[in-house]
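Taking it in order: structure first as structure tokens, then the write-up.
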Amino acid sequence: MACMTSSVPDSALDPAVAARLKRSADGLVPAIAQQYDTGEVLMLGWMDDEALHRTLTTGRCTYWSRSRGEYWVKGDTSGHVQRVKSVALDCDADTVLVKVDQVGAACHTGARTCFDADVLLDQ
């Protein structure tokens with residue numbers, strides 16, 4: 001199954017949720033993964049309607065890989081699972097916030113978070 005480039009891909013996502021989403025031209029919304037109990041921002045991934053549906057229904061974060069052109073469930077190959085605690089849309093419905101219980105590293109580099117290696121300002 002591939003990510004559709006139309007504004008609303010075929011998916012089992014609740015139509016009321018799908019109607020609210022503001023997607024990029026390629027049908028994706030950014031999805032921020034945040035550690036549910038500490039607030040630590042872990043990573044940014046991309047979801048289409050189907051990835052969001054799978055995330056909501058399986059309790060595991062599913063993303064659309066733009067580089068591989070396929071869905072991936074965080075942790076299926078690495079063991080670094082993201083167990084979903086809550087999912088919310090921002091006020092514009094153009095970004096998803098997924099609060100997770102992260103097991104192991106969130107970053108593909110093996111780091112806990114994708115946002116600690118290149119700090120531009122820290123006051």
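T62 contributes no side-chain N or O that, together with a main-chain N or O of V73, makes up a donor-acceptor pair within less than 3.5 Å. The backbone N or O of A106 lies less than 3.5 Å from no partner atom in the side chain of R112, so there is not a single donor-acceptor pair. Under a 3.5 Å cut-off, the side chain of R23 and the backbone N or O of L21 do form a donor-acceptor pair. A donor-acceptor pair under 3.5 Å is formed between the side chain of T113 and the backbone N or O of V41. Looking at Q35, its side chain does come within 3.5 Å of a backbone N or O of Q102 through a donor-acceptor pair. The closest donor-acceptor contact from the side chain of Q34 to the backbone of K99 lies at 3.5 Å or more, if one exists at all.
Residues V96 and V29 approach most closely at CG2-CG2, 3.8 Å, considering heavy atoms. Heavy atoms only, all atoms of each residue included: F115 and L44 are closest at CE1-N, 4.3 Å. For the residue pair A93 and L89, the shortest heavy atom distance occurs at CB-CD1, 4.1 Å. The two residues C61 and V98 come nearest to each other via the heavy atoms SG-CG1, 3.5 Å.
Rounding to the nearest 0.5 Å places CZ of R20 at 11.5 Å from CG of D94. S24 contributes atom OG, which lies 8.5 Å from atom CZ of R66 (distance to the nearest 0.5 angstrom). Rounding to the nearest 0.5 Å gives a distance of 11.5 Å between CG of L28 and CG of L52.
Residues S65 and Y71 are not in side-chain contact: their nearest non-hydrogen atoms beyond the backbone lie 4.5 Å or more apart. Between D90 and L97, the closest side-chain pair of non-hydrogen atoms is not below 4.5 Å. Side-chain contact between W72 and Y63 is present, with at least one heavy-atom pair separated by less than 4.5 Å.
The existence of a salt bridge linking D76 and R60 is confirmed by a sub-4.0 Å separation between a basic side-chain nitrogen and an acidic carboxylate oxygen.
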